[in-house]
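Structure, as structure tokens:
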Protein chains: 2
Amino acid sequence: MRALADPLRLQIVSLLAHETLCTTHLIAETGARQTNLSNHLRVLREAGVVETEPCGRYTYYRLRPEVLESLSEKLSALAATARSSADVRRPC
Amino acid sequence: MRALADPLRLQIVSLLAHETLCTTHLIAETGARQTNLSNHLRVLREAGVVETEPCGRYTYYRLRPEVLESLSEKLSALAATARSSADVRRPC
DNA sequence: CGCTGATATCAGCATGGAGTGATCTTCTCT
DNA sequence: AGAGAAGATCACTCCATGCTGATATCAGCG
């Protein structure tokens with residue numbers, strides 16, 4: 001969750017959802033500095049949201065859909081639980 | 001996203017998914033201070049994740065499943081897009 | 001009414017984390 | 001080998017935000 005909570009990181013994830021890109025493309029698309037982008041990409045990498053594929057002197061970043069899918073299912077399950085226990089209320 | 005990115009707030013949401021609670025219960029369950037909890041509840045309220053129902057001198061908090069559901073669908077859509085464009089790669 | 005308990009708000013402090021510039025490594029090309 | 005580009009890491013600054021204590025508000029009860 002925290003990895004996706006930053007606006008720039010969410011933008012990166014949206015871009016990567018459509019195509020695999022390397023850092024240079026992401027710099028061009030987002031307008032962010034290289035260092036800044038590299039930091040955010042590290043966060044996404046350590047959270048398992050993206051994976052890297054070195055290709056010569058470029059580094060391609062690809063989204064890992066499983067992670068998003070898994071988070072989506074967790075939220076959906078929470079929502080379902082909430083719906084089914086809508087009338088449960090602990091008395092004071 | 002940002003509203004759910006905090007661990008304490010996520011805990012609150014998990015608790016509220018099972019039953020509607022008032023602030024006193026949440027204090028007991030989480031062990032957090034009243035002020036702290038009230039601040040987080042405000043964040044969740046302003047994000048539309050929870051809604052309040054004043055009941056005498058108590059304030060009950062209830063989860064709004066639509067919001068979680070909507071976020072879940074957005075993530076799922078992103079994952080689906082990523083899957084379908086897994087082989088799309090912009091050349092450098 | 002005043003007291004007490006529930007909850008919200010305010011102001012201050014402290015820390016995490018985002019942004020930046022400088023530097024280092026590694027790859028490619030000549 | 002040397003130059004230049006891609007990209008990671010480091011060290012630093014600074015701001016957003018989480019936490020706290022004090023205070024305000026309001027409902028219920030004697």
Side-chain angles (χ1 to χ4, degrees), chain A residues 1-16 18-64 67 71 88-92, chain B residues 1-16 18-64 67 71 88-92:
Chain A
M1 288 286 323
R2 315 217 24 180
L4 297 179
D6 181 88
L8 182 49
R9 285 201 291 269
L10 196 54
Q11 187 186 356
I12 294 172
V13 168
S14 303
L15 289 168
L16 290 182
H18 291 90
E19 48 182 344
T20 294
L21 297 170
C22 69
T23 313
T24 311
H25 295 137
L26 289 171
I27 292 174
E29 292 284 342
T30 63
R33 304 292 177 89
Q34 183 263 326
T35 300
N36 189 14
L37 216 51
S38 188
N39 284 331
H40 283 299
L41 285 171
R42 173 154 51 120
V43 174
L44 290 174
R45 206 186 321 136
E46 288 174 354
V49 179
V50 303
E51 61 188 2
T52 63
E53 181 189 346
C55 179
R57 82 178 128 168
Y58 302 107
T59 306
Y60 276 97
Y61 279 86
R62 180 186 316 122
L63 212 54
R64 292 184 55 198
V67 180
L71 187 53
V88 182
R89 159 185 316 221
R90 188 187 303 189
C92 274
Chain B
M1 286 287 326
R2 318 234 0 198
L4 297 179
D6 182 87
L8 182 49
R9 285 201 291 269
L10 195 54
Q11 188 187 355
I12 294 173
V13 168
S14 302
L15 289 168
L16 291 181
H18 292 91
E19 49 183 344
T20 294
L21 297 170
C22 69
T23 313
T24 310
H25 296 137
L26 289 170
I27 291 175
E29 292 284 345
T30 63
R33 306 291 177 88
Q34 182 263 325
T35 302
N36 190 13
L37 216 52
S38 189
N39 282 332
H40 284 298
L41 285 170
R42 174 155 49 119
V43 174
L44 290 174
R45 206 186 319 135
E46 288 174 352
V49 178
V50 303
E51 59 187 3
T52 64
E53 180 189 344
C55 179
R57 81 176 127 165
Y58 302 107
T59 307
Y60 276 97
Y61 279 86
R62 181 185 316 125
L63 211 55
R64 292 183 56 197
V67 180
L71 188 52
V88 181
R89 161 187 312 223
R90 187 189 302 190
C92 276

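Chain letters run A, B, ... following the sequence lines, proteins first and then strands; every chain starts at 1.
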*asked:* Walk me through whether N36(B) and L8(B) qualify under side-chain contact (heavy atoms from CB on, under 4.5 Å).
replied: CA-CA 10 Å; N36(B) 190 13; L8(B) 182 49; 3.8 Å; yes
*Taking the side chain as every heavy atom from C-beta outward, state whether L16(A) and L44(A) have any pair of such atoms under 4.5 Å apart.*
no
*Does the side-chain contact (heavy atoms from CB on, under 4.5 Å) test come out yes or no for H25(B) and Y61(B), once each step is laid out?*
CA-CA 10 Å; H25(B) 296 137; Y61(B) 279 86; over 6 Å; no
*If you look at every strand shown and take non-hydrogen atoms under 4.0 Å, does Y60(A) touch a base, only sugar-phosphate, or nothing?*
nothing
*Any donor-acceptor pair under 3.5 Å linking the side chain of T30(A) with the backbone of L26(A)?*
yes
_Please identify the 5'-most and 3'-most nucleotides of DNA chain D with any atom under 4.0 angstrom from a heavy atom of chain A._
dA5(D) to dC10(D)
*Can any side-chain N or O of R89(A) pair as donor or acceptor with the backbone N or O of C22(B) at less than 3.5 Å?*
no
_Please evaluate residues H18(B) and V88(A) with respect to the criterion side-chain contact (heavy atoms from CB on, under 4.5 Å), reporting the C-alpha separation (whole Å), side-chain torsions for both, the decisive distance (0.1 Å), and the verdict._
CA-CA 7 Å; H18(B) 292 91; V88(A) 182; over 6 Å; no
*Compare the minimum distances between each of dA18(C), dG17(C), dG19(C) and the side chain of L8(A), then state the nucleotide with the smallest one.*
dG19(C)
_So C22(B), base contact, sugar-phosphate only, or nothing? Heavy-atom distance under 4.0 Å._
sugar-phosphate
*For C92(A) and Y60(B), work out which heavy atoms get closest and say how close.*
N-OH, 3.5 Å
*Which residues, if any, of residues 25-34 of chain A bring a heavy atom under 4.0 Å of DNA chain C?*
R33(A)
*Contact nearer the 5' end of DNA chain D, comparing C92(B) with T35(B)*: C92(B)
*Counting distance only, does the side-chain N/O of R2(A) pair as donor-acceptor with the main-chain N or O of P7(B) below 3.5 Å?*
no
*Where along residues 36-50 of chain A does a heavy atom come under 4.0 Å from DNA chain C, residue by residue in number order?*
N36(A), N39(A), H40(A)
_Please enumerate all residues that pass salt bridge (Lys or Arg N to Asp or Glu O under 4.0 Å) together with R90(B), with sequence neighbours excluded._
E19(A), E29(A)
Might you list the N or O atoms of the protein lying below 3.5 Å from N or O atoms in nucleotides 28-30 of chain C, with each pair's distance?
none

*Listed by chain and number, what are the salt bridge (Lys or Arg N to Asp or Glu O under 4.0 Å) partners of R64(B), not counting sequence neighbours?*
E66(B)
*Which atom pair, heavy atoms only, marks the closest approach of V67(A) to G48(A)?*
CG2-O, 3.1 Å
*Please tell me if the side chains of T52(A) and L41(A) come closer than 4.5 Å, counting only heavy atoms from C-beta onward.*
no
*Derivation and outcome, side-chain contact (heavy atoms from CB on, under 4.5 Å), residues L63(B) and V49(B)*: CA-CA 6 Å; L63(B) 211 55; V49(B) 178; 4.0 Å; yes
